[in-house]
Amino acid sequence: MHNPWATHGSLSSGSELYQTAFTTDFSEGNIVFSGEKKLYKAIVDVADRYHPAAIFVYVTCLSALIGDDIDSVCKLATQKINIPVIYVRTYATVTNNGAV
């Protein structure tokens, strides 16, 4: 999750990783200056440590509000780590017209 630590949670299926939520735990500095680099580094770190079949990125309302380009970060990370990095659009990122 690309969010502050206080708002994390997860549930999935498959391996034991479903029991673990990962968060970028961004700070005020990331809110002001973007958290994209921190998200990218977190994705690469999770891939290196756990070797998942795929990584799903969820954002909360705060990370959606600051306007990070999650799609681009996921695409760049997919190229780097050679596994799918999928941005899951959550309610926090959807407006009345269905787009961020």
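Just so you know, residue 1 is the first one in the sequence shown, and it goes up from there.
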Requested in this report: Heavy atoms only: give me the nearest I83-P52 pair and the separation to one decimal.
Outcome: CD1-O, 3.4 Å

Query raised in the report: Judged by atom type as modelled, is there a donor-acceptor pair below 3.5 Å linking the side chain of D68 to the main-chain atoms of G35?
Result: yes

Report task. Measure the shortest side-chain to side-chain distance between I81 and I55 over non-hydrogen atoms and say whether it is less than 4.5 angstrom. Result -> yes

Report summary line: Taken to the nearest 0.5 Å, the spacing of K80 NZ from Y40 OH works out to 5.0 Å

Report summary line: To the nearest 0.5 Å, atom CD1 of I86 lies from atom SG of C74 at 9.0 Å

Requested in this report: Using atom types as modelled and distance alone, determine if a side-chain donor or acceptor of E36 lies under 3.5 Å from a backbone N or O of D69.
Outcome: yes

Requested in this report: May I ask you to say whether D71 pairs ionically with K75, meaning some side-chain N is under 4.0 Å from a carboxylate O?
Outcome: no

Query - Value rounded to 0.5 Å, distance of OH in Y87 from CG in L39 - result: 10.0 Å

Query raised in the report: What heavy-atom pair brings P84 and A53 nearest, and what distance separates the two atoms?
Result: CD-O, 3.4 Å

Query raised in the report: Quick one: does T78's side chain have a donor or acceptor within less than 3.5 Å of a partner on V85's backbone?
Result: yes

